[in-house]
Novice: 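Would you mind keeping the following structure in view while I ask a few things?
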Number of protein chains: 2
Amino acid sequence: MHFSNLINSIKERREMLKVTQETLAELSGVGLRTLKQFESGKGNPTAETLHKLADALGMELTFQVKKTTPE
Amino acid sequence: MHFSNLINSIKERREMLKVTQETLAELSGVGLRTLKQFESGKGNPTAETLHKLADALGMELTFQVKKTTPE
DNA sequence: TTTAATAGTGCATTATAACGCACTATTTTA
DNA sequence: TAAAATAGTGCGTTATAATGCACTATTAAA
């Protein structure tokens, strides 16, 4: 897939907060295996998983109308 | 789950564009059954499904740091 | 360096998302 | 109204997400 943006948001935010995968897994309630898989760019996480991670990181998952390419 | 915000974004955007579920299903490549299920508040869509729908609607799925002003 | 901590992978199991089909329910239109 | 269009559901199948375990790889600290 092409969720690199989502993946990077999660990973960057986690690292900025100096939290390990293990800790984030515990905080969010997402399995460590699942988080590892996700951060290493594999898989296709469900909204629930994304939501749990976002929550633990003080973030939120949103749909936005795409900017009309401001050149 | 509690993705009412995501669900509503999709639904509102679709209706604003006067597109039926059937048409959106075709445009996005998401099965009609899946879209119906999603819009009726059931299930736990994958990032891929969310992405396909967002794409077809000219939207994007993003993680954002939560605003610290929930007054 | 060596060691400890953290990150990433292979495998197997279980739960469930995605799906089509055939149907009912609701909403819109003539 | 009636009928046509659109939305929502039950059921069964298939594909795969989530998970734990045990391992290897990489990175940071002593």
Side-chain angles (χ1 to χ4, degrees), chain A residues 1-70, chain B residues 1-70:
Chain A
M1 286 325 96
H2 22 32
F3 316 127
S4 3
N5 50 333
L6 292 184
I7 295 173
N8 289 339
S9 297
I10 286 284
K11 197 163 184 172
E12 281 169 16
R13 178 75 174 160
R14 181 178 64 75
E15 286 169 350
M16 172 184 305
L17 297 174
K18 310 241 191 221
V19 172
T20 65
Q21 290 179 338
E22 195 165 9
T23 302
L24 177 55
E26 285 164 6
L27 288 176
S28 62
V30 170
L32 179 56
R33 187 63 175 80
T34 302
L35 177 56
K36 285 172 181 295
Q37 203 162 348
F38 176 41
E39 278 200 11
S40 62
K42 291 157 192 168
N44 178 20
T46 63
E48 182 181 7
T49 296
L50 293 173
H51 185 268
K52 282 180 180 173
L53 292 174
D55 235 39
L57 291 169
M59 304 180 83
E60 57 188 350
L61 189 61
T62 61
F63 268 124
Q64 294 179 298
V65 176
K66 248 185 213 164
K67 292 254 185 72
T68 42
T69 345
Chain B
M1 286 326 98
H2 22 31
F3 316 129
S4 5
N5 50 333
L6 292 184
I7 295 173
N8 289 340
S9 297
I10 286 284
K11 198 163 185 170
E12 281 170 15
R13 177 76 173 160
R14 180 179 66 75
E15 285 168 351
M16 172 183 305
L17 297 175
K18 312 241 191 218
V19 172
T20 64
Q21 290 179 338
E22 194 165 10
T23 303
L24 177 54
E26 284 164 8
L27 288 176
S28 63
V30 170
L32 179 56
R33 187 62 175 77
T34 302
L35 177 57
K36 283 172 181 297
Q37 203 162 345
F38 177 40
E39 278 201 11
S40 62
K42 292 157 191 168
N44 177 20
T46 64
E48 183 180 6
T49 296
L50 293 173
H51 185 268
K52 283 179 179 172
L53 292 173
D55 236 39
L57 291 170
M59 304 181 83
E60 57 189 348
L61 190 61
T62 61
F63 269 125
Q64 293 179 298
V65 177
K66 247 185 212 162
K67 292 256 184 73
T68 43
T69 1

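Letters A, B, ... mirror the listed sequences (proteins, then strands); counts begin at 1. These numbers come from a predicted model, not from an experiment.
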Novice: Indicate yes or no: does Lys67(B) engage Glu60(A) in a salt bridge with an N to O separation below 4.0 Å.
Specialist: no

Novice: Let's see if you get this right: which residues in residues 6-26 of chain A place a heavy atom under 4.0 Å from DNA chain D?
Specialist: none

Novice: Considering all heavy atoms of both residues, which atom of Ala47(A) and which atom of Asn44(B) are nearest to each other, and what is their separation?
Specialist: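 Smallest interatomic distance, heavy atoms only, reads N-OD1, 3.3 Å.
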
Novice: Counting just side-chain N and O atoms, does Lys42(B) come under 4.0 Å of either OP1 or OP2 of dG8(D)?
Specialist: no

Novice: Do you know the tightest heavy-atom contact between Ile7(B) and Gly41(B)?
Specialist: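 Here Ile7(B) and Gly41(B) meet closest at CD1-CA, 3.7 Å.
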
Novice: Nucleotides 26-30 of chain C: which of its N/O atoms have a protein N/O under 3.5 Å away?
Specialist:
none

Novice: Can you give me the N/O atom pairs linking the protein to nucleotides 12-19 of chain C at distances under 3.5 Å, or say none if there are none?
Specialist:
residue, atom, partner, partner atom, Å
dA18(C), OP1, Thr46(B), N, 2.9
dA18(C), OP1, Thr46(B), OG1, 3.0
dA18(C), OP1, Thr49(B), OG1, 2.5
dC19(C), OP2, Gly31(B), N, 2.9
dC19(C), OP2, Thr34(B), OG1, 2.8

Novice: Less than 4.0 Å between a side-chain N and a carboxylate O, is that true for Lys52(A) and Glu48(A)?
Specialist: yes

Novice: Working note: Thr62(A) + Thr62(B), criterion side chain to side chain donor-acceptor pair (under 3.5 Å); need CA distance, chi angles, decisive distance, verdict.
Specialist: CA-CA 5 Å; Thr62(A) 61; Thr62(B) 61; 3.1 Å; yes

Novice: Starting at CD of Gln21(A), measure out to CZ of Arg33(A) and round the result to the nearest 0.5 Å.
Specialist: 11.0 Å

Novice: If I compare all heavy atoms of Ile10(A) with all of Ala54(A), which pair ends up nearest, and what's the gap?
Specialist: CD1-N, 4.4 Å

Novice: Could you check how far NZ of Lys36(B) sits from P of dC21(C), rounded to whole Å?
Specialist: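 After rounding, the gap between these two atoms is 14 Å.
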
Novice: Does Leu61(B) reach the side chain of Leu6(B), with side-chain heavy atoms less than 4.5 Å apart?
Specialist: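 In short, these two side chains touch, coming nearer than 4.5 Å.
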
Novice: Report yes if the side chains of Phe63(A) and Leu57(B) come closer than 4.5 Å at any heavy-atom pair, otherwise no.
Specialist: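 Phe63(A) does not reach Leu57(B) side chain to side chain.
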
Novice: For Glu26(A), does the CD atom sit with more than 12 other heavy atoms under 6.0 Å from it, leaving out its own atoms?
Specialist: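 Yes, the 6.0 Å shell around CD holds more than 12 heavy atoms from other groups.
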
